[in-house]
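Encoded as structure tokens, the structure appears first; notes follow it.
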Amino acid sequence: MQLETESRLPKEIDTAEVEAYCQRLWDELGIYLYDPNEAGEVFSIDTPPPYVSASHLHVGHAMSYAQAEFIVRYHRMNGRKIFYPMGFDDNGLPTERYVEKTFKINKSKTTRSEFRALCLQTTTEGAKEYEKLWRALGLSVDWNLRYSTIDDHCQRTSQKSFIELFKLGRIYRSHEPVLWDPILETSLAQADLETIERKSKLHDIVFKGVDGSPLTISTTRPELLPACVALYCNSKDARYTHLLGQTATVPLFGQTVPVLADDDVDPAFGTGLMMVCTFGDSEDVRRWKRDGLGLRVVVSNNGRLTDLAGEFAGMKTDEARGKIVTALTEAGALTGSKAVDQVVSVSDRSDAPVEFVMAPQWFIRVMDMKDELLERAKELRWFPEWMQIRLEDWIKGLKYDWNISRQRFYGVPVPVWFCAKCGEVVLADEAALPVDPVESKPPVSACAKCGSAEFVPDADVLDTWMTSSVSPLINSNWAGTPGRIGDASVYPMTVRVQAFEIIRTWLFYTVVKSHLHTKSLPWESVMISGWGLNENGKKISKRDLEQYTDANGYNRYDPYAVIQKFGADSLRYWASGGSLGHDLRYNEKDVQIGRKLVVKLWNAARFADLQMGAYDPVKDFVPFAARTPEDRWLLAELNKVLPAAKKAFEGYSYHEAREETDRFFWSVFCDDYLELIKDRFWTPDNYVEQTRASARTTLFESLRIVLGLYAPFLPFVTEYLYQQFYKGHEQAASLHKSAWPQANAEWDVTVPEMEVLSAILRAVRGLRTTAKVSQTRRLAKVTLDVTGAKPEIAATVERMQASISAAVRTTELVYGTAETATDLEGVRVDIVV
RNA sequence: GGGCGGUUAGCUCAGCCGGUUAGAGCACUUGCCUUACAAGCAAGGGGUCCGGGGUUCGAAUCCCUGACCGCCCA
């Protein structure tokens, strides 16, 4: 028997080289490409389209994309046909600003189609950066399935959705007070709002009754006095009921307004008397509509006051507020001001407090579908389950239909013209999509209603979510764009992966769209990830990314830099440490732990290789029943890990699967098993060849399974080792296309001998430590004392004598009197160094 | 004010549909250069499972209640 001294693996792993090797291999084999003709059930992933600029990506993004990808890899190994696209969001405001800045252009001097071309160009460049990063991270995306939310296919899908919903009567046009962003000068949907808390002042302002008596109201928005159209009190509030039917005069501005009753007015708030303006908040809108109040528009689209505000006209609302308070004080109409904590709705894009403005808009009617949508929310499988309630709460709290028009320049155009004479709507021809009505003519030459030949285009664009919400339809080519990969077989998609903060937007709107267009859910399941947090427990931000670059240009939050320093597998390993849906704190130290595992795996494989030599799994195979107790025990242990890992993955609990694998690999496989078999190779004269063959067979089998178990988490190092040691013996060209390791019924055994062996080994290891002797040094003598043990234990000890002797590494093993207790009752042990 | 999540070792986190003595990694202590790996191995110390009450033979786990942190919504 000749011992191998050279491994096929270098002594130290070079992760950069391993990664480059694997990338090359995966590209050559095309293993991540979707093949519609391949056998197997489709597994399709609807993953978030990031914005064009990759510079904002941090390790938190890497975390959530990696977590989703663990699941994808697991299913790929289970024979699922993976459809894994990556989209880019180059629609909407962030892109508009980014492109304006990048090209230093002014959108007023360009057309939408020219602007769009620039965006697509920018996206193509940005996509390269993303691709570089995501590939470096090992994401198994099929880059041929790329889409950009402003490309022709996506525009077509988005506009087709509009036309279809219009024809279904789901879309209507309405001229009503809408949520308005006075900085961006566009309307908003409810989902575009954030709420913030701020310090404000509640002012007591004196109106005059018909008899000249003072009527005091409380308001935080005195600048809306010129827009005041009524006063309200509670109909049961005896202080004011006598005023009902009378009028009051507004201070400074002088208009007279009616005094009305509404039981929703809280008599305990302020003075119990309140003013209604057009429009201060949604309650004002409600009363205005219900009671047919007058309209006094005082806040214009750009947030400045109109002429109705008299001397305050042209001022911004917050400036006017101060000036009007001063004027009220001078006029003696202000009787008090107190500080209050106020909750304000602001636009999530500009942080501007929202106003209500009268503007014609397109809406998708959703308020009548709440119950159906709640049913859909329940139908969907949520991982983790408790995230479902976030969607339910959002649906229950909906106040308005979905406003889908935006008064912005850039985006998907509304595919509509209006008759210049009668206002009749002319839809674009579906076959002609995508269209920009501003740059093209309507499909009819005369208005069907009035015969006029003059049309005006709708100059608005669609809400960016109008497009994002059809991502599953984009992927499944619902719009029938020729040449696109992906069809109805990938829809409904298997899983949507996303973070929790866009449940109310991306997730909600997508459910709405699929419910309306295909009368189904857009996906079977949804997997919601948490955030990556920085060392202080705050969400990792762009600022972290900018601030913490060291003198060498290294930034610990930059995923690409981290990958280069520690390896992609190491970063992925960190990402696998958080449980689904929960935030995970990032420490570079935790990435180093991943690195340790990668190195350990490499070394264990090297060791196995040294012992296996030219092992041939066919010729040198030893049947399970003929193997040593150590070997059978190892596989029996592995047989417990396999179903546990499978079950965990099926429930999207990648973290649990990884922990099971860690426990097995590190403490069972490395610390115990590899140590136990060394003696067979080190002192070959003490063993028959069969025991070494048994160990080789077991090593070969178990290491292969370990590679499979770790493959979703550590795709690079596992693939490399697979190629080195297993490729020659298996069909699969890549570990990642090989079958997920299955439990083996034959291995389902208990090995009582091993309980005895490990108890004695543990005790001897302890004695070595106490005696300050290395674990490998051969002891002169080990004494076993089984006088107090049960007969069957004593018999097992005797039967295992040779194994024990080898495991504890002693020259002589004798029975006698010993002092040190083991975990086995009545079995004692002592050593002589 | 409402909803959801969290609070477990010095740190980062598992465990939570009740059931051995509450776990892992890092950090710490002691020992060991050992023919895969010292980025390793062996042995060890460290816990009021946020507080209070309840259900139960039995609670980190279930129920009630309070505190604090985070996110979302009024």
Check the pair Glu12(A) / Trp602(A) against side-chain hydrogen bond (donor to acceptor under 3.5 Å, both in side chains), numbers first and verdict last. CA-CA 8 Å; Glu12(A) 276 184 41; Trp602(A) 181 266; over 6 Å; no
Derivation and outcome, side-chain hydrogen bond (donor to acceptor under 3.5 Å, both in side chains), residues Glu630(A) and Tyr673(A): CA-CA 7 Å; Glu630(A) 292 89 335; Tyr673(A) 180 71; over 6 Å; no
Intermediate values then yes/no, ring-ring contact (aromatic ring centres under 6.0 Å, His included), Trp402(A) and Tyr509(A): CA-CA 9 Å; Trp402(A) 177 12; Tyr509(A) 289 138; 3.7 Å; yes
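Among the nucleotides A74(B), A43(B), A36(B), the one closest to the side chain of Glu197(A) is A74(B). With C71(B), A74(B), U12(B) as the choices, the nucleotide that has an atom nearest any side-chain atom of Arg390(A) turns out to be C71(B). Checking A42(B), A43(B), A36(B) against the side-chain heavy atoms of Asp671(A) singles out A42(B) as nearest. Side-chain proximity of Lys538(A) to the nucleotides C72(B), G70(B), C26(B) is greatest for G70(B). The side chain of Val599(A) lies closest to A39(B), out of A74(B), A36(B), A39(B). Which of A36(B), U12(B), G5(B) sits closest to the side chain of Trp386(A) comes down to G5(B). Checked against G25(B), A36(B), U34(B), the side chain of Ile593(A) finds its nearest nucleotide in G25(B). Among the nucleotides A39(B), A36(B), A42(B), the one closest to the side chain of Lys596(A) is A39(B). When distances run from any side-chain atom of His582(A) to the nucleotides G3(B), G6(B), A36(B), the shortest one goes to G6(B). Side-chain proximity of Lys589(A) to the nucleotides A27(B), A74(B), A36(B) is greatest for A27(B).
Comparing Lys678(A) and Glu659(A) against RNA chain B, the residue whose closest nucleotide sits nearer the 5' end is Glu659(A). Of the two residues contacting RNA chain B, namely Val773(A) and Arg809(A), the nearest-nucleotide position lying further toward the 5' end is that of Val773(A).
Base pairing analysis places G58(B) opposite nothing; no Watson-Crick or G-U wobble pair with both distances below 3.5 Å involves it. In this entry C68(B) has G6(B) as its Watson-Crick or G-U wobble partner, both defining distances falling under 3.5 Å. Applying the Watson-Crick and G-U wobble criteria (two distances, each under 3.5 Å), C28(B) pairs with G44(B). Base-pair partner of A14(B): not found among the strands shown (Watson-Crick or G-U wobble, both distances under 3.5 Å).
The residue Arg765(A) sits close only to the backbone: its heavy atoms come under 4.0 Å of sugar-phosphate atoms, none of a base. Nucleic acid contact class of Lys539(A) (heavy atoms, under 4.0 Å, all strands): none. Counting non-hydrogen atoms under 4.0 angstrom, Asp662(A) reaches nothing in the nucleic acid. If you check every strand for non-hydrogen atoms under 4.0 Å, Arg595(A) touches a base. Across all strands shown, Arg658(A) has no heavy atoms under 4.0 Å from either base or sugar-phosphate atoms. In this structure, Ser579(A) reaches the sugar-phosphate backbone alone: every heavy-atom distance under 4.0 Å involves primed, P, OP1 or OP2 atoms, never a base. When heavy atoms are screened at a 4.0 angstrom cut-off, Ile528(A) is found touching no nucleic acid atom at all. Looking at heavy-atom distances under 4.0 Å, Glu675(A) makes contact with a base. Among the protein residues, Trp666(A) comes within range of the sugar-phosphate backbone only, with heavy atoms under 4.0 Å from sugar or phosphate atoms but none that close to a base. Across all strands, Gly397(A) comes closer than 4.0 Å to no nucleic acid atom at all (heavy-atom distances).
No hydrogens or angles considered: a donor-acceptor pair under 3.5 Å links the side chains of Thr628(A) and Arg680(A). For the 3.5 Å distance criterion, the side chains of Arg828(A) and Thr820(A) fail to qualify, holding no donor opposite an acceptor.
For Arg778(A), the salt bridge (Lys or Arg N to Asp or Glu O under 4.0 Å) criterion is met by Asp679(A), not counting sequence neighbours. With sequence neighbours excluded, the residues that form a side-chain contact (heavy atoms from CB on, under 4.5 Å) with Glu659(A) are His655(A).
Comparing the same atom, P, in U34(B) and in A39(B) gives a spacing of 15 Å after rounding to whole Å. The P atoms of U21(B) and C49(B) are separated by 15 Å, rounded to the nearest whole Å. Straight-line distance between the P atoms of U30(B) and A36(B): roughly 28 Å, to the nearest whole Å. Between the C1' atoms of U55(B) and U12(B), the separation comes to 34 Å (whole Å). Rounded to the nearest Å, the gap between the P atom of C62(B) and that of C4(B) is 14 Å. Rounded to the nearest Å, the gap between the C1' atom of C64(B) and that of A42(B) is 48 Å. G44(B) and C37(B) are spaced 23 Å apart, taking the C1' atom of each and rounding to whole Å. Atom name P, nucleotides C57(B) and A74(B): the rounded distance is 47 Å, in whole Å.
Considering all non-hydrogen atoms of both residues, Asn555(A) and Asp544(A) come closest at ND2-O, 3.6 Å.
Under a cutoff of 6.0 Å and an axis angle of 45°, Lys678(A) and Phe607(A) form a cation-pi pair.
The distance from atom CG of Leu703(A) to atom C1' of A36(B) is 12 Å, rounded to the nearest whole Å. Atom pair Leu610(A):CG and A36(B):P shows a separation of 7 Å (rounding to whole Å applied). Taking atom CD on Glu501(A) and atom P on C71(B), their separation rounds to 12 Å, with Å as the unit. Nucleotide C26(B) holds its C1' atom 10 Å from the CG atom of Asn587(A), rounded to whole Å. Protein atom CZ of Phe500(A) is 12 Å distant from nucleotide atom C1' of G6(B), rounded to whole Å. One atom, OH of Tyr673(A), and another, P of A36(B), lie 15 Å apart when rounded to the nearest Å. Between Glu656(A) atom CD and A24(B) atom C1' the separation is 14 Å, expressed in whole Å. Between the CE atom of Met387(A) and the P atom of G5(B) there is a distance of 9 Å, given to the nearest Å.
Between Arg286(A) and Glu283(A), at least one side-chain N (NZ, or NE/NH1/NH2) sits under 4.0 Å from a carboxylate O, which counts as a salt bridge.
Taking only side-chain nitrogens and oxygens, Lys11(A) comes nearer than 4.0 Å to OP1 or OP2 of C37(B). Listed pair Lys772(A) / A43(B) fails the phosphate criterion, with no side-chain N or O lying under 4.0 Å from OP1 or OP2. The side chain of Arg585(A) places an N or O atom within less than 4.0 Å of a non-bridging phosphate oxygen (OP1 or OP2) of U12(B).
The base of C37(B) sits with one of its N or O atoms less than 3.5 Å from a complementary donor or acceptor on the side chain of Lys600(A).
Ring-to-base geometry places Trp682(A) in a stacked arrangement with U35(B) (centre distance under 5.5 Å, plane angle under 30°).
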